[in-house]
Amino acid sequence: LVVIVEEKFTLREVLVSFKSCLVDNDEDVIVEHYLNGWKGLVRFMNSLGTIFSFVSKDAVNKIQIMENYLKGENGERYRTLQSMVEYELSSDLVDVTKRGSHPESGCRTVLRLHRALRWLQLFLEKLRTSSEDSKTSTLCSEAYNDSLANYHPWIIRKTATVAFLALPARNMFFEVMNVGTAEDVVDMLGEAMPYVSKVYDFTQELYSQHNLLDLP
Ligand code: 1PZ
């Protein structure tokens with residue numbers, strides 16, 4: 001007899017897991033933990049249905065690129081975002097103005113995830129403050145248009161906008177989060193999103209200091 005126990009999984013633990021990214025008085029981010037946070041987000045997204053598989057595929061691909069660096073011979077240089085940036089820049093491993101011999105640098109790969117984290121912030125904040133009759137697809141596309149869309153070509157924007165229409169309604173969406181009543185969800189987001197924001201803010205600052213915010 002084989003018993004398969006579906007592991008209970010809640011959005012709270014995913015968001016809170018970003019807390020463990022920050023080290024050294026919030027002056028650095030551990031890449032391994034950052035990727036773990038992302039794996040949780042991908043898992044959550046997959047539980048929303050296969051329509052988002054084109055999104056999760058890209059995220060998984062980027063997580064994989066970073067994990068390969070971590071496992072590779074220079075893995076130690078990729079331990080934190082700060083050490084990755086210093087290493088890749090000082091060793092000329094980043095295409096800075098146009099795509100060239102380093103199309104998959106750690107810096108540009110993390111930048112894609114970082115931009116997506118901004119979308120997540122905006123979207124979850126909209127959800128948190130939304131009323132019962134708000135449409136998740138509207139909240140989602142507003143958040144998208146204010147963030148990621150600015151970096152995406154027309155065909156991806158179009159595809160994303162169509163996919164958003166398949167998002168479950170607000171109450172269903174809250175249920176998938178698996179944290180309790182709508183009120184519990186609102187409380188959870190208020191408590192857990194600051195961890196994500198801290199990681200976002202640190203990364204933004206680091207990338208801005210090194211002029212990395214427009215990497216091709
Ligand atoms: C909850 C519903 C999920 C909605 C997800 C909203 C984001 C839509 C983004 C659609 C983009 C998917 C296709 C991939 C595009 C890539 O071209 C870009 C740029 O990478 P490059 O081509 O330069 O290598 N990839 C990205 O912008 C990263 C996208 C990651 C999206 C992760 C979403 C996180 C979801 C968390 C859900 C809780």
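We count ligands from 1, going down the list as the structure has it; atoms in each ligand are counted the same way. Since this is a predicted model, take the numbers as computed values, not measurements. Computed from heavy atoms alone, side chains included, the values below leave out hydrogens, waters and symmetry copies.
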Short question: side chain of Ser105, backbone of Arg108 - any donor-acceptor pair under 3.5 Å? yes
ask   = Below 6.0 angstrom between ring centroids: does that apply to His152 and Tyr144?
value = yes
Considering only distance and modelled atom types, tabulate donor-acceptor pairs under 3.5 Å from the side chains of residues 206-216, sequence neighbours left out.
unit_1, atom_1, unit_2, atom_2, d
Tyr207, OH, Cys107, O, 2.7
Gln209, NE2, Glu205, OE2, 3.2
His210, ND1, Leu206, O, 3.1

Residue pairs passing the salt bridge (Lys or Arg N to Asp or Glu O under 4.0 Å) test with at least one member in residues 17-34, sequence neighbours excluded, are Asp26-Lys198
Min side-chain heavy-atom separation Trp38-Leu113 under 4.5 Å:
yes
Using the side-chain contact (heavy atoms from CB on, under 4.5 Å) criterion, which residues pair with Lys98? Sequence neighbours excluded.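 Lys98: no side-chain contact (heavy atoms from CB on, under 4.5 Å) contacts found.
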Under a 3.5 Å threshold, I'd like every N/O contact between ligand 1 and protein atoms, with atom names and distance.
unit_1, atom_1, unit_2, atom_2, d
ligand 1, 20 (O), Lys62, NZ, 3.2
ligand 1, 23 (O), Arg108, NH2, 2.8
ligand 1, 23 (O), Arg112, NE, 3.1
ligand 1, 24 (O), Lys62, NZ, 2.8
ligand 1, 24 (O), Arg108, NH1, 2.9
ligand 1, 25 (N), Asp58, OD2, 2.8
ligand 1, 27 (O), His152, NE2, 2.8

